[in-house]
Structures are given as structure tokens and as C-alpha cells.
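What follows is one structure encoded as C-alpha cells, with my remarks underneath.
What's counted below: heavy atoms across the whole structure, side chains too, no hydrogens, waters or symmetry copies.
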Amino acid sequence: MSTAVNRPMSRSLAYGLGLLRLFSAEHPVRSISELAELMQVSRPTAHRYASTCLELGYLEQAPMRRYRLARRSAELGLAMLGSLPLRRHALPVMRRLREATARTVSLAVLDGQEVLYLERLRGCGRGQYEIDQLVGAGTRASAKSTAAGIVLLADAPPHAAIDPHVLRQTPQACSLAFAVSSEPRSALELTLPSGLIETPDALAALAARLRAGTRSLEAALGEAAAVEAS
Amino acid sequence: VAEIAGQLQMSRATTHRYLSTLATLGYLQQDDSRKYALSLDVADLGLAALNATGLPTHARPYMAALARRVRHPVELAVLDGCESLIVDSVGKTPGRPHAAQRPARVGAREPAHRTSAGLVLLAHLSKPARSRLLAQLEQIERGRAGAPDPARLCAMLAEVRQQGVAALHEEAQADAYMIAAPVRGESGDVLAAVGVAVAAKLIEVEELDDRYGSQLERTANEISERLGFDGARST
């Protein structure tokens, strides 16, 4: 593990967090030998870290003496989401958009070459369960493969009119993103253009610009819908 | 640093070491006033895995535990358009004369108002979404036997919201009753309904809540917590 600056480091803390990161959607369950190999430590050491996480409630025992993440391991992420003003302000708008369209509405920010979903309110349209079931708050996707990501990468001009920006289609789902500007001073006042709510068939996304502390967050409100069988 | 050291009852030096470890690993960021805040990377610590795991995978251990306790099949259903769709089922108990004897029904769809799970899911939708689905249901069911009376259905849904569970004799399973309760996600929305199916000859539908209601609700709450729902925070 390399450190950019010469700051004091706690190896155990780094290992402990590294261990939790080894659990993913692809590998929800891990054995001690897998953990030891991936962490490049001995099995007793891996066992000690896993037992500590188990004791603290971050891991739970899975069948065959293996481990999986426990609910508590998501609490840090949930706390992060809860602390974001952007998400708080966007939620009422997202709920209105979902009510108007019955489709899944998501809020995403660009993080490197990926979009990170900060919130995803599931729609109840037919076919929606199928496309939504593995995507939720905290999941990442390649920015180039999502409408929200493309809107964010495109860096929508500050005074762009509401304009269909991107139509993205995969075998199961399509989503269309609109770019909407927001003045820096009103960045937290996300408002839904009145026309949008009256056109339930429009697949819409709002992109908003937010400055949070020293870090500029670009967010997109996106909507995904199942492709109608035609 | 001082605030955190105080809360954790650790020395400032140790606290500083932990904080700078977290900052170096990208989990914390420091603002201009040198205060720390959680960074977006924190989502990778568990939230991503949590949300990238299918609903049935999360729910299954809790459903299996309930099925063992009540000795009846337990099902998980979601709303898909105006239908309830069964996405998982555990505890088929072959050879048990007392259990509801049915094949696994994963993938089965029914108009939502005809199933207990569907009633729970409809009951917790926002008002506009519910009105839209009820209008669709009315259109689909028009002329069919047992078509819902809109006023009666609305009253039933209000009752389900108030009671927390729905119990119904479902037409799709002639010999079984079903009682269902809501499962919530992190945002507080109802994502699914979990239900227990009981052979109709064993019990009266009115008794379902007394016999299974509290166990079922406990299971539904456990699954909701697993999905990130925090009752205290969301109320």
C-alpha cells in the first residue's frame, strides 16, 4: 500500500477496511483461505481480522465456515448518503418524477470514469424489477454506459435549455437524460420543469451542478425504463 | 480530531493516525477548516455489495428461518406493473399433510389485488402511482368474475396500511390462505412483500394475523434492516 504523503498510517485499520472491500456483488461470500490469499497474509492473520469484523458486526457467518458482509458494513455508506445535501434536496423531486412516470428514478454523480448512484427510487412499471434488482444506492457503473454518466461527461453548458441529451439503450432498459442547468447560487434548489411532470411518457433526467465544500459534484437525475416489447 | 478522540476515548495522536489512514485510503476528505467528512468512496465499503445483491438473496435466510418456525411455505413478491410477481419461495414441505401443498410458484404473476402480497404492495404506493395502477387493474379485470369494486378495494388498502399486514384467500391457490407484510428499502419505500401460505383447511382467514402476523412482521423488518432500512431514521 503506497501513501502519497508521509502521514502516519495504521496498518490494522487499512487491512480491516481492505478486507471488507474484498466482498462485492461478484463475491458476496469468502472463505478464510481466499481472504488470506487476496490480502497476502497468513491464514491465522486473515482469521484474526475476519473474527474481529465478525465480533464488531461488520461480517456475518455464511454456510461452510465462510463469511459475508453484515448489514452494519453498509452503515458507513448510508451515513455518507445521509450527509449529502444534494441527495436530501433531490429526493422530493425524484419522488415527484417517479409518481409522474412510474419508472425508476436515480441520482448519480460522476466519480472518475464511473457514475456512483446516490439514490435509486424504484418504479413499479412492468419489467422494472428485472432491470433494477441489482442496482441501488452505492452501486457504480461505467459513465460511458449510462445516460446519466454521458450527461455528466458532456459537461452540459450552464444555461442549456431542457433538451433531450442522450438516449441510451441496452437489451433490457433504456434511459434518456435531459440536461438542465442550475446557477451556482441556486444549485441546491433542484426544481422540476413544470412541463416534464405533465408528460409521463418522457424519460427524463435532470443534471444539476453542485458545489459541496471544496469538491464540485456533478449530479444527474436519470430515469430508466424497461424496453417495451414491440 | 479532538471531537472524535473524545468520543472514542482515544489519544489525539492515535485518533490522528486513524484519521490520516482513512484519508489516505480515500474514505475521508478534509475541508478548508480541516474538519473531516465521509467521502464518496465509503459507498464501496459495503453499500455497493449490499445493493448489487438481488433482493431474494438478501431475503432468503430470513424467509427460510420463518418457514422453519411456522412450518409453512414463505414467499417473496414484488410489484411488476399492476401484477404481483413471486420472486422467491422457500419451505415447500413435501409430505407434510398440514402444509399448503403447492409447487414452487417463482415467476408466477397475478393481478395485484387478488393476492395478499399485491394488496400490501398496492397499499404502500404513493397516491398517484396507486391510482394509476388501480385504473389499469380495473380495465384489465372489467367483465371478469370477481372484478374489484374500486371503493371497496380502496377501503381494503387503507385497512392494510393501518394493520401492516394483508390476509386473503387467494384464488390462484384454491386451498391456501396467504398473509403478507411489507419489506422496505433504504429510502423507506416498500420494495417487496413477504408472505406465509397456510392450508385453508387448517385455519380461518381471520385467525391468520393472530397466529402468524407478529412473526411475519418481525421477518419483514429483519429483511428491511438488511436492505438498509432504518425505522428510527425514516420516521
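- Of all residues spanning residues 58-70 of chain A, those with a heavy atom less than 4.5 Å away from chain B's heavy atoms are Glu60(A), Arg68(A), Leu69(A), Ala70(A), arranged by number.
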Evaluate the criterion salt bridge (charged side-chain N to carboxylate O under 4.0 Å, His left out) for residue pair Asp41(B) and Arg21(A); output intermediate values, then yes/no. CA-CA 11 Å; Asp41(B) 286 359; Arg21(A) 280 192 82 142; 5.3 Å; no
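- In this structure, the side chains of Leu227(B) and Leu55(B) come closer than 4.5 Å at one or more pairs of heavy atoms.
- The closest side-chain heavy-atom distance from Val190(B) to Arg184(B) is below 4.5 Å.
- With a 4.5 angstrom heavy-atom cutoff, Glu75(A) does not touch chain B via any of its atoms.
- Side chain to side chain, Glu141(B) and His113(B) meet the donor-acceptor criterion of an N or O pair below 3.5 Å.
- Nearest heavy atoms, Ser39(B) versus Met80(A): O-CG, 3.4 Å.
- For the options Gly77(A), Ser10(A), Ser73(A), Ala74(A), heavy-atom pairs under 4.5 Å to chain B are most numerous at Ser10(A).
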side-chain contact (heavy atoms from CB on, under 4.5 Å) for Leu121(A) and Arg95(A)? Distances and angles first, verdict last. CA-CA 7 Å; Leu121(A) 299 180; Arg95(A) 289 194 193 280; 3.7 Å; yes
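- Arg72(A) does not touch chain B: none of its heavy atoms, backbone or side chain, sits under 4.5 Å away.
- Nearest heavy atom pair, residue His124(B) against residue Pro182(B), reads CE1-CG, 3.8 Å.
- Using a 4.5 Å cut-off between heavy atoms, Glu83(B) contacts chain A through its side chain alone, with no backbone atom that close.
- Between the side chain of Ser224(B) and the backbone N or O of Ala220(B), at least one donor-acceptor pair lies under 3.5 Å.
- Neither the backbone nor the side chain of Leu121(B) comes within contact range of chain A, judged by heavy atoms closer than 4.5 Å.
- Ranked by heavy-atom pairs under 4.5 Å with chain A, the first of Ser126(B), Ala129(B), Ala37(B) is Ser126(B).
- Between Arg34(B) and Gln30(B), the shortest heavy-atom contact is O-NE2, 3.2 Å.
- At a 4.5 Å heavy-atom cutoff, the contact between Ala23(B) and chain A is made by backbone and side-chain atoms alike.
- For chain A, the nearby part of Leu133(B) is the side chain; its heavy atoms alone come within less than 4.5 Å.
- Proximity to chain B involves both the backbone and the side chain of Leu76(A), based on heavy atoms less than 4.5 angstrom apart.
- Between the side chains of Thr21(B) and Thr24(B), no donor N or O sits under 3.5 Å from an acceptor N or O.
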